[in-house]
Trainee: 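My questions will all concern the structure given below.
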Protein chains: 2
Amino acid sequence: MSDANTKDPVVPINAAKKQVRDGKSSATIYDIAKMAGVNPSTVSRALSKPGRVSAKTQKLIEDAAAELRYQVNPFARALPTGRTNTIGLIVADFTNPTFFDIIRGAQTTGTLRDYTLVLAESAESGSTELTAGHRMMATVDGLILASPRMDDDDIRALAAEKPVVVINREVTGVPCVIPDVHKGISEAVRSLAANGHKKIAYVGGPVQSWMSGRRWEGVQAACEWSHVSALRLESAKPTVDGGRQVARDVLASGVTAVLTYNDLLAIGLMRELQAGGMVVPDQISIVGFDDIFGADFTTPPLTTVRSPLGECGSAAATRLLDVLAGGEDEGTVRVETELVLRGSSGRLLS
Amino acid sequence: MSDANTKDPVVPINAAKKQVRDGKSSATIYDIAKMAGVNPSTVSRALSKPGRVSAKTQKLIEDAAAELRYQVNPFARALPTGRTNTIGLIVADFTNPTFFDIIRGAQTTGTLRDYTLVLAESAESGSTELTAGHRMMATVDGLILASPRMDDDDIRALAAEKPVVVINREVTGVPCVIPDVHKGISEAVRSLAANGHKKIAYVGGPVQSWMSGRRWEGVQAACEWSHVSALRLESAKPTVDGGRQVARDVLASGVTAVLTYNDLLAIGLMRELQAGGMVVPDQISIVGFDDIFGADFTTPPLTTVRSPLGECGSAAATRLLDVLAGGEDEGTVRVETELVLRGSSGRLLS
DNA sequence: TTGTAAGCGTTATCAA
DNA sequence: TTGATAACGCTTACAA
């Protein structure tokens, strides 16, 4: 009776693996139990929640576990509990550095709280994004959605399955964390106005982008307040290339300053303008959005409204983990934006 | 008999979860079996490997699965098989844009082959990195290590557990994918020599960095070949800031051109030099390494030896997945580097 | 405080 | 070709 294996009539499913384990791979709670002379369930108790077991056996078990270099098998644990200790993060586009900071933020705080981060790109359309979301739901305890293209109802459908936190967008009924554009934009517009600009343009991002809409609203409001006129231009895509393409519209519009939906657009626009012989900021001021990596590499360095994306990522992870830990949480968390005044904006010389 | 739950003497472990499932959450092969009027094991066969089941029942089962919106439970599957359909990627530093391309590459090809990518940062020292690696091993089928600080033996120890592929470094006995610096560097040095440079410096990265060593060797070889003298300078850290700090050493060395271990160093160096009044490339040429995102944002845009990092990531994932699919694979795959000639290098004017 | 045993969803062995 | 069933490693209700 001491060794059940010897009289086991059926060959274990993967004898090969077993052999390996006996050699070096990870031990199970059964191994620990045998070594400590207790029952496996006691081992389980000792190793999961503290204090459910006498101090003596606790030590016995911990020692055995250490000696055997025990590591829980997350899959075996997930099966009965349903908890995976994993959170998912879906970003719209790996190609966009905006998401780098978000990923980093989420990863860091996830790891801190002993959660694994799994990453997916939603590419393409809102529908494939929804599919990706559903698929991911199978493996994670909760999900962070960064700038999803899905519509609100789809997001709520996802949120009905498991906890979801949305970044860069507000969806009622779902916890969200968004940069509060107000402060940063008014600082930007005030700065522009103070430098004598009377007419500015906002270059929008994708039309479906919730964030782009908010930024445009913010620009309008701030302009009104500062008595400068604002007009909206459209970009084909929110990239450096899109920025280059919109240069002629900017020129044609006759504005002396432009805010763009994001830094990539701003950089493309600036370079195209410079290539055409214009001097930034002497002839035109350019202000980007986000303060992505590399925004200060340009000459002049880009003035931009900083979105604390890393903070968003980490705030989102924190909220998600809090909900998973049993907290109730709804509504929107706002992180402050601020103007980062660098060289691409300033007084008109002419 | 129609509802087993009512007469179940023992309350299921997570009755709450069960209820949810009955409402909407995912069905199991038992549900499908019941619906299709077959045994669960038949469902398993039908759904895993094709052709092990009669066409008729196959269809029956597939229809039922579709109707129930069945999704395998990866955890349940992982338990008996040991296969998780997950690969791990450990990067040294989230803060370094170099890794984003690698992540993107690995992610993309992983997803393509239906594998999930889990991400970890190894932060700090080689020892925590080893720990992270071991921990990760529990959850993944294989591991990609990007520029690890671990020593070769540790990497081999990891590789003994499960398939490992290393990026940006060569470890004998472990499949590696590395940029072949030779071509890119000789192009760079030739270009510099053709522009009349006689004495150039290489600004090294972290001393333990395998890659930095190879690059220095490459520079030496290429310089010898082109009859220009090469000297090596050290940086405190491989960042923009590190680049700024090394500026005075560069100045003191009297070289007219410098290659740096990476683009970040080059950018920092260039800005510091420019801030001190030097004109790039008229007074000094600067060549970076990697061609990271943003390398072309500078003025002048950075000349750099491009490492196809995305390709490395995707090649590593491909190799790993091939090994997991049963292929034998060792040795090193090299991806070609090339000079990207932009504005920061050129002829000396003086 | 500890042991017993059922159950999580899947795969794989064996028998039919 | 299909059905019955043990096994994967862990958690937890219940009994002791």
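Labels below follow one simple rule: chain letters A, B, ... track the order of the sequence lines, proteins then strands, and each chain is numbered from 1.
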Trainee: Here's a test of your reading of the structure: between B/Ala76 and B/Thr57, which maps to the more 5' nucleotide of DNA chain D?
Mentor: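 Its nearest nucleotide lies further toward 5', so the answer is B/Thr57.
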
Trainee: Roughly how many Å is it from CG in A/Asn39 to C1' in D/dT12, rounded to a whole number?
Mentor: 12 Å

Trainee: With sequence neighbours excluded, give me every salt bridge (Lys or Arg N to Asp or Glu O under 4.0 Å) pair touching residues 104-121 of chain B.
Mentor: B/Asp101-B/Arg104, B/Arg113-B/Asp322

Trainee: Under the rule for ring-ring contact (aromatic ring centres under 6.0 Å, His included), what residues qualify as partners of B/Phe75, not counting sequence neighbours?
Mentor: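 If we apply the ring-ring contact (aromatic ring centres under 6.0 Å, His included) test to B/Phe75, skipping adjacent residues, the hits are A/Phe75.
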
Trainee: So which nucleotide from D/dG3, C/dG9, C/dT2 ends up closest to the side chain of A/Ser54?
Mentor: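 The answer is C/dT2.
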
Trainee: Start at the 5' end of DNA chain C and walk down; is the nucleotide closest to A/Gln58 or to A/Tyr30 reached first?
Mentor: A/Gln58

Trainee: When you measure from the side chain of A/Thr111 to the backbone N and O of A/Thr109, does any donor-acceptor pair fall under 3.5 Å?
Mentor: no

Trainee: Just how far, in rounded Å, is P of D/dT11 from CG of A/Asn85?
Mentor: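 These atoms are roughly 11 Å apart.
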
Trainee: Please, which pairs that meet ring-ring contact (aromatic ring centres under 6.0 Å, His included) have at least one residue in residues 128-168 of chain B, sequence neighbours excluded?
Mentor: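 Residue pairs passing ring-ring contact (aromatic ring centres under 6.0 Å, His included), neighbours aside: none found.
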
Trainee: Only pairs under 3.5 Å count here: list side-chain donor-acceptor contacts from residues 48-55 of chain A, not counting sequence neighbours, and write none if there are none.
Mentor:
| residue | atom | partner | partner atom | Å |
| --- | --- | --- | --- | --- |
| A/Ser48 | OG | A/Ser44 | O | 2.3 |
| A/Ser54 | OG | A/Thr57 | N | 3.2 |
| A/Ser54 | OG | A/Thr57 | OG1 | 2.7 |

Trainee: How many whole angstroms separate atom CZ of B/Phe75 from atom C1' of C/dG7?
Mentor: 18 Å

Trainee: For B/Tyr70 and for A/Val38, find the nucleotide of DNA chain C with the closest heavy atom, then tell me which residue's nucleotide is more 5'.
Mentor: A/Val38

Trainee: From C/dG9, C/dG3, C/dT11, pick the nucleotide closest to the side chain of A/Thr42?
Mentor: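 Taking heavy atoms from C-beta onward, the closest nucleotide is C/dG3.
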
Trainee: Could one point to a donor on the side chain of A/Ser41 or the base of C/dT4 with an acceptor on the other under 3.5 Å away?
Mentor: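 It does, because a donor-acceptor pair links the side chain of A/Ser41 to the base of C/dT4 below 3.5 Å.
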
Trainee: Would you work out how much the helix from C/dT1-D/dA16 to C/dA16-D/dT1 bends between its ends, with each end axis defined by five base pairs, to 10 degrees?
Mentor: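 The angle, to the nearest 10 degrees, is 40°.
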
Trainee: Starting at NZ of B/Lys49 and ending at P of D/dT1, how long is that distance when rounded to a whole Å?
Mentor: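 About 14 Å, once rounded to whole Å.
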
Trainee: Please tabulate, one pair per line, all N/O donor-acceptor pairs under 3.5 Å involving side-chain atoms of residues 62-71 of chain B, not counting sequence neighbours.
Mentor:
| residue | atom | partner | partner atom | Å |
| --- | --- | --- | --- | --- |
| B/Glu62 | OE2 | B/Gln58 | NE2 | 2.8 |
| B/Asp63 | OD1 | B/Lys59 | NZ | 3.2 |
| B/Asp63 | OD2 | B/Lys59 | NZ | 2.7 |

Trainee: Round to the nearest Å and state the distance from A/Arg45 atom CZ to D/dG9 atom P.
Mentor: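 The distance from CZ of A/Arg45 to P of D/dG9 comes to 20 Å, rounded to the nearest Å.
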
Trainee: Quick one: A/Asn73 CG to C/dC8 P, roughly how many Å, whole number?
Mentor: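 Atom CG in A/Asn73 sits about 18 Å away from atom P in C/dC8.
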
Trainee: So which nucleotide from C/dT10, C/dG3, D/dC10 ends up closest to the side chain of B/Ile29?
Mentor: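 Among C/dT10, C/dG3, D/dC10, the one nearest the side chain of B/Ile29 is C/dT10.
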
Trainee: Send over the distance from A/Arg77 CZ to C/dG7 C1', rounded to a whole Å.
Mentor: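 Between C1' of C/dG7 and CZ of A/Arg77: 17 Å.
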
Trainee: Checking all strands, does A/Lys56 fall into the base, sugar-phosphate, or nothing category for heavy-atom contacts under 4.0 angstrom?
Mentor: nothing

Trainee: Return the nearest nucleotide to the side chain of B/Thr28; candidates are C/dG9, C/dT1, D/dT11.
Mentor: C/dG9

Trainee: Is A/Val118 close to A/Leu89 at the side-chain level, that is, under 4.5 Å between some pair of heavy atoms?
Mentor: no

Trainee: Measure the distance from CG on A/Leu60 to C1' on C/dT2 and round it to the nearest whole Å.
Mentor: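 Value for this atom pair: 13 Å.
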
